[in-house]
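Report on the following structure.
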Amino acid sequence: MKKFNVAVLPGDGIGSEIVAEAVKVLKTIEKKTNVEFVLTEALVGGASIDAYGRPLTDETLSIALKSDAVLLGAVGGTKWEGLEYSMRPERALLALRKELGLFANLRPARIYKPLIDASTLKPEVIDGVDLMVVRELTGGLYFGAPRGVEKLPDGAERGVNTMVYTTPEIERIACAAFDAARKRTKKLCSVDKANVLETTELWRRVVIRVGKDYPDVALSHMYVDNCAMQLVRNPKQFDVIVTENMFGDILSDEASMLTGSIGMLPSASLGAAKNRAMYEPIHGSAPDIAGKGIANPIATILSVAMMLKYSFDMEDAAAKIETAVENVLEKGFRTADIYSVGKTGTRRVSCAEMGAAIVKELA
Ligand code: IPM
Ligand code: MG
């Protein structure tokens, strides 16, 4: 029997609620296959600050490093917002990404037919949207030095962050994106700001060079401001989008709203080795609805599907989860974020009810 170690890091806010449902899905898959998932739970983010005074302890990091994959809920919350940057919950997430070497962040956004009216965009614009943002995750503005805020002699303050990329960093994310595009419709759009930022001009040159090894993939380039506009104007023109860390953070939130709710988007963060992988919803800890049991667990459940596909080569099981999600949406189950009042055939359900419905569908 195959055995996989999964580190389970629920984190803060709605994290524990959504991860609980995703774990139920994982256990259901376990029962139906000849695979064992050994789950090790640990604290991360604000929860870890409260317990140990630090957002990421050596122990949690070592659990993550020893596992075959990490399942993460969300980190952060108003409670910890006053802390110094290096002590904030978000640092745990960034440190995990960095320490595990998770440079490639895959964020697929696809429209589920039953949710077409949950989007703020016109049905004809979003019907059939199926794209993937490949976000560089361990470089760029998030990690570049120098960084920080300093006091100037005149009493004013000066804040600095730096967008840095080296050729090898761009090459590996470009390869990851071309590989992803190859498995889809062989269309890749590289997003930069090459008309203004030298770093991203280098980005464009390197992506073009890497593209020579992928003659079967149609490569195009777009400035990030234009891409933000095109995503709401005509999202169907995109298949795979590859971009810098910060641009990818912003564009993937934008892409999520095409689908009606940020509560629907999963993600996979992958490193160079097979056992370097973390799966998490793209949304945050939503402190405003934490503890109310109304969060949407679908993004986390779909992240489990990505885990099965990318880390454990369990494509069939992954597809079954995706179908189960589609079916419960078809049957009218809606968490608050995707519920529209007065729509016949739909029913507003809690986080746990949504999880249970998906598990039932699977079983
Ligand atoms: C995301 C989040 C994180 C990021 C935050 C929580 C640090 O917004 O995963 O998109 O900015 O990367
Ligand atoms: Mg984000």
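Values reported hereafter were calculated over all heavy atoms of this structure, with side chains retained and with hydrogens, waters and symmetry mates removed. We count ligands from 1, going down the list as the structure has it; atoms in each ligand are counted the same way.
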Q.
I'd like to know if E280 pairs up with R97 as an ion pair, taking the criterion as any Lys NZ or Arg NE/NH1/NH2 lying under 4.0 Å from an Asp or Glu carboxylate oxygen.
A. yes
Q.
Other members of the hydrophobic cluster containing L83, with the 4.5 Å side-chain heavy-atom rule, please.
A. I49, W80, M87
Using residues 173-180 as the side-chain source, report each donor-acceptor pair under 3.5 Å to any protein atom, sequence neighbours left out, with the distance given to one decimal.
| unit_1 | atom_1 | unit_2 | atom_2 | d |
| --- | --- | --- | --- | --- |
| D179 | OD1 | Y214 | OH | 3.0 |

Q. Any cation-pi pair here, R172 with F103, using under 6.0 Å and within 45°?
A. yes
Q: Would you please indicate if the ring centroids of F312 and F37 are separated by under 6.0 Å?
A: yes
Q. Are K193 and D225 ion-paired here, with the side-chain N under 4.0 Å from a carboxylate O?
A. yes
Q) Can we say D68 and K274 salt-bridge, meaning some charged N sits less than 4.0 Å from an Asp/Glu carboxylate O? A) no
Nitrogen or oxygen contacts under 3.5 Å, ligand 1 side and protein side:
| unit_1 | atom_1 | unit_2 | atom_2 | d |
| --- | --- | --- | --- | --- |
| ligand 1 | 8 (O) | D249 | OD1 | 3.3 |
| ligand 1 | 9 (O) | R97 | NH2 | 2.7 |
| ligand 1 | 9 (O) | R107 | NH2 | 2.8 |
| ligand 1 | 10 (O) | R107 | NH1 | 3.1 |
| ligand 1 | 10 (O) | R107 | NH2 | 3.0 |
| ligand 1 | 10 (O) | R135 | NH1 | 3.2 |
| ligand 1 | 10 (O) | D249 | OD1 | 2.8 |
| ligand 1 | 11 (O) | Y142 | OH | 2.5 |
| ligand 1 | 12 (O) | R97 | NH1 | 2.8 |
| ligand 1 | 12 (O) | R135 | NH1 | 3.2 |
| ligand 1 | 12 (O) | R135 | NH2 | 2.8 |

Q: Could you tell me whether D130 and R184 make a salt bridge, using a distance below 4.0 angstrom between a side-chain N and a carboxylate O?
A: yes
Q. Under 2.8 Å from the Mg ion (ligand 2), which protein N/O/S atoms are there?
A. D249 OD1
Q | Salt-bridge contact K79-D50 (side-chain N to carboxylate O under 4.0 Å) | A | yes
